[in-house]
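Read through the structure below, which is laid out as structure tokens, and then see the notes.
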Protein chains: 2
Amino acid sequence: MARPLSEEARAKMLATAQELIVTIGIDSCTVDEVARRSGVAKTTIYRHFADADELAMTAIDSMIEHVAAPDHGSLRDDLSEIVRAFRRVVQHDAFRQLFADLLARAVRDPEFKKVYEATQEMRHQPLRLAIQRGIARGEVDPEIDLETAMYFVQGPFVAKRLIETGDLTEAEIDVFLDLIIRALAPR
Amino acid sequence: MARPLSEEARAKMLATAQELIVTIGIDSCTVDEVARRSGVAKTTIYRHFADADELAMTAIDSMIEHVAAPDHGSLRDDLSEIVRAFRRVVQHDAFRQLFADLLARAVRDPEFKKVYEATQEMRHQPLRLAIQRGIARGEVDPEIDLETAMYFVQGPFVAKRLIETGDLTEAEIDVFLDLIIRALAPR
DNA sequence: CCATGGTGCTACGGAACCGTAGCGGAATCG
DNA sequence: CGATTCCGCTACGGTTCCGTAGCACCATGG
């Protein structure tokens, strides 16, 4: 009841942790290194976070940006904007690395899985809305399940950029979108 | 020039390493643990492999199965068989974990990247052949690039099973294939 | 003003790995 | 048979990381 935990120190730790995570990887984001680079004492880090994992997860968590869902009145345009926003994020190798690290961790650690799913859900939300609107407008074959459409739309982009090393060009995005729209259109 | 390296010991090490990799993860596949479980001495492991990474990579490398490319005379049937073979492999959580581990490693380590790409290429080969035959038979819109088609076909399946935790049901495979065939068909 | 409690610093104990040395024993090739 | 070379064992030095202790110092609330 005398002195609150320093917000400044907390901000420094998290910023340093984030930098380490996207540059040299989540496994190399160690408490010692964060302490060394941030200038915050190791002991202080442990007053803010229970353990090393909590630090890393909090750092990742605060990196998640919530993007607004576009509404242009056309499925093609909405998807185009969503995919281009996706591209802007994942085109950086650092984010691709973070994704891979996080996926690998999430597979085994339930706590990291929650964080991973949060990042996924953030990606999914605008997409789900766009497809739902497309369905409502009759742009999507009503036979097609929403979840199915979600995977189908994401598929080519994540396959190209996350599973493979390839980068996603603007031209490619248009080609994929054409194919997707063609497949989803009512018969 | 007197006594060759024991093939038996080598087989034991690799088998143990493989088991560790798919059960508790590539990071937990340590030289000490392989030595302990296999009964092969640690020093012997270092006579067969330069370092811990070479052991792990060799173990993974020898897990890669080369599957034959089907040829049923129809793109739909060929893709169906390929995807179902894919499903049989990746439906096991152990393989999904291995994939995630390998991807994360491949992102930073060029040596692991080679191994990762080898596993990818093994997956790609039958797929590429099937699509090429589909193009030759006129089942695919000639405007569509082969590589584009590859990503497009893989997309939904890897998005569902590798990026997300979901499992791939037989029914889902058919739905995805319907959409894919519809999109790729000549106009 | 003064006690409470955060901060920084250094150091430590413990654990997990890595890769190597040194040794007796056993298998293999010439 | 005999030299060579692998094998298994134990032990070690080195590194990295975790999480905590002890201490002096300083900011804040009552």
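Owing to the predicted nature of the structure, the values given are computational and were not obtained by experimental measurement.
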Where along residues 42-58 of chain B does a heavy atom come under 4.0 Å from DNA chain C, residue by residue in number order?
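Contacts with DNA chain C under 4.0 Å: B/K42, B/T43, B/Y46, B/D51, B/A52.
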Taking DNA chain C as the partner, which of residues 29-39 of chain B come within under 4.0 angstrom of it by heavy atom?
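Those residues whose heavy atoms fall under 4.0 Å from DNA chain C, taken from residues 29-39 of chain B in numerical order, are B/T30, B/V31, B/D32.
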[X] [atom1] to [N] [atom2]: how many Å, rounded?
X	N	atom1	atom2	value
B/L5	C/dC29	CG	P	12 Å
B/I24	C/dA16	CD1	C1'	13 Å
B/E8	D/dG8	CD	C1'	13 Å
A/E7	C/dT7	CD	C1'	15 Å

Does A/E139 reach the main-chain N or O of A/L75 with its side chain, forming a donor-acceptor pair under 3.5 Å?
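Yes: the side chain of A/E139 pairs with the backbone of A/L75.
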Treat each ILVMFWY residue as a node, draw an edge where side-chain heavy atoms are under 4.5 Å apart, and state whether A/I180 and B/L179 are in one component.
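In one cluster: yes.
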When you match A/P4 and A/D27 each to their closest nucleotide on DNA chain D, which lands nearer the 5' end?
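Counting from the 5' end, the first nearest nucleotide belongs to A/D27.
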Ion pair [X]/[Y], N-O distance below 4.0 Å:
X	Y	answer
A/D53	A/R105	yes
A/E117	A/K114	no
A/R108	B/D27	no
B/R36	B/E33	yes

In terms of relative ring orientation, are B/F157 and B/F176 parallel, tilted or perpendicular, with 30° and 60° separating the classes?
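Perpendicular, since the angle between the ring planes exceeds 60°.
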Counting only heavy atoms not in A/Q132, do more than 12 sit closer than 6.0 Å to its CD atom?
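Check passes, neighbour count above 12.
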